[in-house]
Amino acid sequence: MAALQPDTPTWYSALRRAALAWYGRHARDLPWRRLSDPYAIWVSEVMLQQTQAATVEAYFPRFMARFPRLADLAAASEREVLRAWEGLGYYRRARELWRAARHVVEHYGGEIPRTRELLEQLPGVGPYTAGAILSIAFDQREPILEANTRRLWARLLDWRQPLHGRHSQQRLWRAARCILPRREAGRLNQALMELGSRVCTPRSPRCHECPLARWCAAYQQGSVHLVPRQRARPPTQRVRHAAAIVWNRGRVLLVQNPANGRWPGLWDFPRAVVHDGTEPRQQLRQELRRRFGVAVHAGPLLLRMTHTVTRYRIALDCFLLLHRRGTLGRKGGERARWVAVGELETYPLSATGRRIARHVARQMAHDAALPLS
DNA sequence: TACACGTGGTT
DNA sequence: TAACCAAGTGT
């Protein structure tokens, strides 16, 4: 059983058998693996985009309890869907899933399409998600390629070229197709992803536990640490933001973000980018007047935090500002509202926005710090 | 093609 | 601490 020639039928066959056997012993008991409903598989796959399984475990059951069937999701409001997605990130996924569900109900009578071509026409469904749905939910012989299997295949093939680029992509997709069994392709696809995430990890892979090691070209060549070659990432940028907690007789000002850009469709406390040398309170006052026609008194710094969004490290100062006058003129066409503190929990916010909201609510309960007018 | 999009886990 | 990374997709 010495090293077979990579990329041959016997090589794929050996990998396939070993991967399935390993999976039989090591598969995690994840909530979506207990389900066969194609809609549930779809939801899980969208949640899993760029998101680790451990994170999704907390969201998936709640979401499915809230929207048990495709028709329930399609009938829901965007706001309800975003509220169920709150904290998961990449909120465009939620909006697209919702749009896609409505499309399926309207155009396909609620039946999820079973071809790659039609699936990929749905918003939020790309090559990976289509392959996952077809193989896992419909038992079709369709390949998948994502972060785990991309790294796995690069090592199995000792593929030393950068992974981005057309040539590499074609090579890896072909491998993903070649290994597929006639039946239970979904099970094999999941086995490969699980191997990639638990054994063939980015740094310090556990080659000595790996059931595929003896057929792994990079392992045999001692080049595992060289593969895959990743693209250099743009450096993190440091940014200062200021958030306004505009207090108006038990209510605060909330703004809805536009459909494109950051946190689309979610609500947020009004924010301003603070440039060097400018006074954050002053800037917030100006923007509140310009954007909403609201005049405020400057109040104290209530909360400081730091959070990362994509490649921005954001230092956020949250100021309490007391409403003086003004009635939300829609100067920029922005959607803004006064929201009672008790109603904040019904609004979909970003993880950061929720943190601020919790702080405000806690201060309210304590009373003291927030002067009432 | 390269970049934007969120958040939390891992090293 | 900070960089790296994640069951990708849309533009």
Rounded distance in Å - [atom1] ([X]) to [atom2] ([N]):
X      : N      : atom1 : atom2 : result
A/R231 : B/dA4  : CZ    : P     : 12 Å
A/R354 : B/dG8  : CZ    : P     : 13 Å
A/Q230 : B/dT11 : CD    : C1'   : 15 Å
A/Y91  : B/dG6  : OH    : C1'   : 6 Å
A/N257 : B/dA4  : CG    : C1'   : 15 Å

Check whether any side-chain N or O of [X] sits under 3.5 Å from a backbone N or O of [Y] as a donor-acceptor pair, and report yes or no.
X      : Y      : value
A/N189 : A/E142 : yes
A/Q283 : A/V273 : yes
A/W98  : A/A76  : yes
A/E343 : A/R251 : no
A/S168 : A/G165 : no
A/T51  : A/Q49  : yes
A/R79  : A/T346 : yes

For the residue pair A/E80 and A/S77, confirm or rule out a side-chain donor-acceptor distance under 3.5 Å.
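Side chains of A/E80 and A/S77: pair found under 3.5 Å.
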Indicate the atoms forming the closest heavy-atom contact of [X] with [Y], along with that distance.
X      : Y      : answer
A/A242 : A/L284 : O-CD2, 3.6 Å
A/A18  : A/W215 : CB-CZ3, 3.5 Å
A/R28  : A/A53  : NH1-CB, 4.0 Å

Report which part of the nucleic acid [X] touches: base, sugar-phosphate, or nothing (heavy-atom distance under 4.0 Å, all strands).
X      : result
A/G196 : nothing
A/T236 : sugar-phosphate
A/V46  : nothing
A/R92  : base
A/S204 : nothing

Give the residues of residues 179-192 of chain A touching DNA chain B, defined as any heavy atom closer than 4.0 Å, sorted by residue number.
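Close to the strand, none.
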Under 4.0 Å from any atom of DNA chain B, heavy atoms only: list the residues of residues 130-162 of chain A that qualify, in numerical order.
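Under 4.0 Å from DNA chain B: no residue of residues 130-162 of chain A.
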Can you give the first and last nucleotides of DNA chain C, 5' to 3', that have an atom under 4.0 Å from a heavy atom of chain A?
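Range of nucleotides touched by chain A: C/dA3 to C/dG10.
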Nearest to side-chain heavy atoms of A/S350, which nucleotide of B/dG6, B/dT7, B/dG9:
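Minimum distance to the A/S350 side chain belongs to B/dT7.
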In terms of side-chain heavy atoms of A/Y312, which of B/dT11, B/dC5, B/dT7 is nearest?
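Given the options B/dT11, B/dC5, B/dT7, the side chain of A/Y312 is closest to B/dC5.
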I'd like the C1' distance from C/dA6 over to B/dC5, given in whole Å.
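After rounding to an integer number of Å, I get 13 Å for this pair.
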Got a salt bridge between A/R183 and A/D139, using NZ or NE/NH1/NH2 to carboxylate O under 4.0 Å?
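Here A/R183 does not pair with A/D139 in a salt bridge, since their nearest N and O are not under 4.0 Å apart.
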Is the distance from OP1 or OP2 of B/dT7 to the nearest side-chain N or O of A/W263 less than 4.0 Å?
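Checking B/dT7 against A/W263, a side-chain N or O does come within under 4.0 Å of OP1 or OP2.
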Kindly say whether, by distance alone, the side chain of A/T51 makes a donor-acceptor pair under 3.5 Å with the base of B/dG6?
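Present.
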